[in-house]
Amino acid sequence: MSSSSDSDAFEAASLSARAVGARGAPYLDDLNPEQRRAVETLDGPVLMLAGAGTGKTKALTSRIVHLLNTGRARPNEILAVTFTNKAAREMKERVGRMLGRDIEGMPWLGTFHAVCVKLLRRHAELAGLKSNFTILDTDDQVRLLRQLVQAANIDDKRWPPRVLAGIIDNWKNRAWTPDKLPASEASAFDGKGPALYAQYQARLKELNAVDFGDLLLHVVTIFQTHDDVLQQCRRWFRYILVDEYQDTNVAQYLWLRLLAGGHQNICCVGDDDQSIYGWRGAEVGNILRFEKDFPGAHVVRLEQNYRSTPHILAAASGVIAGNRGRLGKELWTETEEGEKVRLIGHWDGEEEARWIGEEIEAMQRGTRRQRPFGLDEMAILVRASHQMRAFEDRFLTIGLPYRVIGGPRFYERLEIRDAMAYFRVVTSPADDLAFERIVNTPKRGLGDKAQQKIQITAREHGVPLVEGARILLEQGGLGGKGGAELRKLIDGLARWGRLLGEDTVGHVELAGQILDESGYTEMWQNDKTPEAPGRLENLKELVKALEQFENLQGFLEHVSLIMDNEQAESGEKVSIMTLHAAKGLEFPVVFLPGWEDGLFPSQRSMDESGEKGLEEERRLAYVGITRAEEVCTISFAGNRRVFGQWQSALPSRFIDELPEAHVEVLTPPGLYGGGYGAAAGGVQNSVDARAARADVYNSPGWKRMQARAGQRPLSQPAETRNTVIDMKAVSSHTMGERVFHQKFGYGAVVGIEGDKLEVDFEKAGTKKVVARFISAADDIPF
DNA sequence: TAAAGGAACCTTTTT
DNA sequence: GGTTCCTTTA
């Protein structure tokens with residue numbers, strides 16, 4: 001973009017010029033005809049069906065710029081919602097770049113949740129809240145539910161609060177408030193679900209708190225019950241843009257329909273083939289139904305792919321073609337042919353990691369067929385996060401720099417959550433959940449009994465826990481060391497609260513003070529475990545992060561919404577992430593390991609959602625393949641360690657669905673792994689397995705048929721396989737067998753239930769024990 | 001009440 | 001194999 005046109009755009013937007021039109025708008029010339037249509041169709045509903053890599057973000061941002069440029073809308077009149085903070089940030093940056101300036105003036109560009117928080121703060125009282133409500137994360141949510149479950153005398157072993165949290169989440173995704181729960185849900189959670197849900201909502205109100213689902217649901221309810229608010233919002237948001245529309249759930253869908261109800265200026269972008277969030281309530285139906293929901297909608301299909309080579313595209317299309325009920329798109333590209341998708345099988349997960357490590361190093365140097373690639377041009381995309389460890393282990397040993405994206409998040413770490421709880425109690429003393437978390441951290445000699453006393457006192461007086469604790473101390477109800485420590489804590493909280501109000505101490509300093517004076521910092525300084533130094537580092541980082549905020553409250557809100565790691569880690573590194581996390585990203589080189597039935601497609605997904613689940617898994621495969629620009633390598637392993645146990649698996653059924661013409665089957669170059677575990681058949685295996693690998697592809701479905709016939713799936717030598725299984729096999733015990741247990745000593749097996757044994761011990765009596773902890777009596781060396 | 005050890009659970013995917 | 005929760009023990 002030339003500098004003169006930049007300033008044109010700037011002028012146009014900032015002076016809110018009436019009709020600059022398309023003149024002097026180079027961003028329009030940059031678009032292909034379909035993209036251009038999507039950008040220029042400003043009135044009425046528009047559905048932009050954008051396949052992978054077709055320039056969807058470009059079209060979306062151009063549309064925003066166009067709205068501003070033509071004077072159709074001012075920055076604050078555009079509502080643009082995304083699902084992730086990353087997407088929102090990227091859009092902001094791109095719009096800013098196109099306009100040639102910051103877009104401070106787009107307050108309504110953000111995630112669904114962030115936008116809803118803003119709206120809800122404004123109208124909190126309509127939802128029975130105060131505008132300074134706190135946002136609970138999953139952890140708080142579960143703890144609160146645990147209290148309710150226990151209070152209702154329900155066995156929280158059989159009915160875990162975590163499960164209830166999931167159920168309630170689901171209800172909220174469907175926009176079911178307690179009074180709108182359909183009868184079909186009455187039996188949920190042992191029939192107590194609906195009642196507990198109502199109690200939970202009531203308790204949240206008492207705590208002046210909301211959970212994630214509430215953010216949307218409260219706003220939807222307000223819209224439905226207060227027409228004036230709805231009308232006002234419709235006037236505010238003259239144009240609505242929605243990213244990743246295929247991922248919207250019912251609540252979000254209602255929210256959008258309500259807002260677009262007047263002017264119908266809504267533009268939804270999405271790709272039904274990339275709908276991968278069904279498990280958290282996304283409804284592909286929303287996008288499939290768009291034309292019915294918004295009559296007269298313009299539908300634009302973006303089908304020219306600018307990302308991947310034809311082979312990669314064809315492979316992806318081949319897989320996704322197995323799904324039914326698609327809107328249907330035909331992706332095409334003008335890029336040069338490139339390499340076929342590469343397929344390779346391995347003996348086990350470790351060998352797979354080893355091979356990929358070596359392959360990455362080779363590609364870094366460059367090969368006969370390919371240019372050299374930088375490490376940050378390469379990514380490994382896995383189905384489930386536990387697969388990452390094999391790669392981390394391997395890369396650490398060979399010293400290959402990597403970065404895990406979407407791993408354990410900064411704000412979810414123990415020490416960070418503790419520190420945050422301190423801040424929360426100081427800023428809102430009614431936050432009982434936060435108080436419970438810190439009352440005995442560090443150890444203050446306030447165990448269960450002392451905490452119960454506080455609870456009882458608080459309940460008697462109908463006050464929050466902090467206040468209850470204060471009263472308890474006044475009454476002299478808690479003496480000794482615990483009492484003194486509690487006094488110190490309560491006094492401290494009062495003091496910090498005053499400092500917060502007085503504004504004499506900066507909030508950054510205050511935060512440091514809270515952590516030091518409460519003894520929290522000291523606790524970690526005295527901790528001898530290896531993690532302690534890291535945790536102290538994190539605390540420092542946390543306090544530093546505060547500098548970017550006006551005050552503690554602002555910071556707390558930021559954290560509750562931005563749960564992702566934003567560290568812009570620099571340096572050349574290979575990326576490792578889940579397929580879900582990879583959506584929206586692209587890499588020249590992509591590795592897709594772990595394509596085995598049960599792992600991918602995930603068994604659980606298929607068990608729980610059947611054909612629907614399988615289709616979502618297939619879309620996940622499609623997302624994975626289409627992340628690759630130049631080289632895409634799919635791999636599977638015949639054996640994998642799961643929970644420390646070896647398990648063998650069959651190659652994924654998706655491998656059979658790859659169109660043969662676009663796939664090249666690799667054979668590993670000779671003998672790695674030889675010399676390693678040769679006794680377990682290392683060498684022989686790799687020879688044998690190699691033959692099979694080629695075979696795998698020659699006759700799709702072969703392995704599964706073999707397997708169904710009860711034969712070995714992957715051409716491992718039968719003996720080897722049996723050895724592996726036998727060695728690791730657990731429950732090979734027989735009734736009456738004499739066995740030994742580390743703790744209970746000798747006994748006889750009197751019952752067998754799966755992997756659990758009932759053993760009559762000579763000294764300890766009859767007990768049920770997991771077979772893993774049992775060995776045959778004569779195995780014990782003396 | 002806190003520390004230590006054992007048993008059971010676990011692995012989808014996340015705003 | 002790793003984590004968390006629960007029991008036992010000091």
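Here is how names work: the chains are called A, B, and so on, in the same order as the sequence lines, proteins then strands, and each is numbered from 1.
A salt bridge links A:Asp597 with A:Arg653; the closest basic N to acidic carboxylate O contact falls under 4.0 Å.
Remark: P of B:dT14 and CG of A:Asn173 are 15 Å apart, rounded to the nearest angstrom. Here B:dT15 presents its P atom at 17 Å from CH2 of A:Trp255, a figure rounded to the nearest Å. We find that CD of A:Glu617 is positioned 9 Å from C1' of B:dT13, with the value rounded to whole Å. Look at CG on A:Leu216: it is 14 Å from P on B:dT15, rounded to the nearest Å. Across the protein-nucleic acid pair, A:Leu446 atom CG and B:dT1 atom C1' stand 11 Å apart, rounded to whole Å. Atom-to-atom, CD of A:Gln274 to P of B:dT13 comes out at 20 Å; the value is rounded to the nearest Å. Summarising the geometry, the separation between NZ on A:Lys172 and C1' on B:dT15 is reported as 14 Å, rounded to the nearest angstrom. Regarding A:Asp243, its CG atom lies at a distance of 14 Å from the P atom of B:dT15, rounded to whole Å.
Here A:Phe643 packs flat against the base of B:dC10; its ring centre is closer than 5.5 angstrom to the base's six-membered ring, tilted by less than 30 degrees. Residue ring and base: A:Phe212 counts as stacked with B:dT15 (centre distance below 5.5 Å, interplanar angle below 30°). An aromatic stacking contact between A:Tyr277 and the base of B:dT14 is absent, as defined here by ring centres under 5.5 Å apart and ring planes under 30° from parallel.
Residues A:His113 and A:Arg604 each lie close to DNA chain B; by heavy-atom proximity, the contact nearer the 5' end of the strand is made by A:Arg604. If A:Glu608 and A:Asp169 are placed on DNA chain B by their nearest nucleotide, the residue sitting closer to the 5' end is A:Glu608.
Between A:Tyr520 and A:Trp524, the angle of the ring planes goes over 60°, which puts this pair in the perpendicular group of the 30/60° scheme.
Considering only the side chain of A:His580, B:dT13 comes nearest among B:dT13, B:dA2, C:dG1. Nearest to the side chain of A:Ser602, among B:dT12, B:dA2, B:dT13, sits B:dT12. Ranking B:dT13, B:dA3, B:dT1 by closeness to the A:Ala450 side chain, first place goes to B:dT1.
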Show the atom names and distances, to 0.1 Å, of all donor-acceptor pairs under 3.5 Å that link a side chain in residues 164-172 of chain A to residues at least two apart or in another chain.
from	atom 1	to	atom 2	distance (Å)
A:Trp171	NE1	A:Glu185	OE1	2.7
A:Lys172	NZ	A:Gln201	OE1	2.8
A:Lys172	NZ	A:Asp211	OD1	3.1
A:Lys172	NZ	A:Asp211	OD2	2.7
A:Lys172	NZ	A:Asp214	OD1	2.8
A:Lys172	NZ	A:Asp214	OD2	3.3

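The side chain to side chain donor-acceptor pair (under 3.5 Å) test applied to A:Thr134 returns no partner, not counting sequence neighbours.
When heavy atoms are screened at a 4.0 angstrom cut-off, A:Asn249 is found touching no nucleic acid atom at all. Residue A:Thr138 is classed as having no contact, given no heavy-atom separation below 4.0 Å to the nucleic acid.
Only the P atoms considered, B:dT13 is 15 Å distant from C:dT4, to the nearest whole Å.
Using modelled atom types, one finds no donor on one side chain facing an acceptor on the other under 3.5 Å when comparing A:Asp272 with A:Gln246. Using modelled atom types and a 3.5 Å distance limit, the side chains of A:Asn249 and A:Asn173 yield a donor-acceptor pair.
Applying the 4.0 Å criterion to OP1 and OP2 of B:dT14, one finds that A:Ser385 has every side-chain N and O outside that range.
Geometrically, A:Arg618 does not engage A:Phe654 in a cation-pi contact defined by less than 6.0 Å to the ring centre and at most 45° from the axis.
Using modelled atom types, no side-chain atom of A:His346 and backbone atom of A:Ser635 make a donor-acceptor pair closer than 3.5 Å.
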Handout entry: Paired and unpaired positions of DNA chain B as dot-bracket, Watson-Crick or G-U wobble under 3.5 Å, | denoting a partner strand
Key = ||||||||||.....
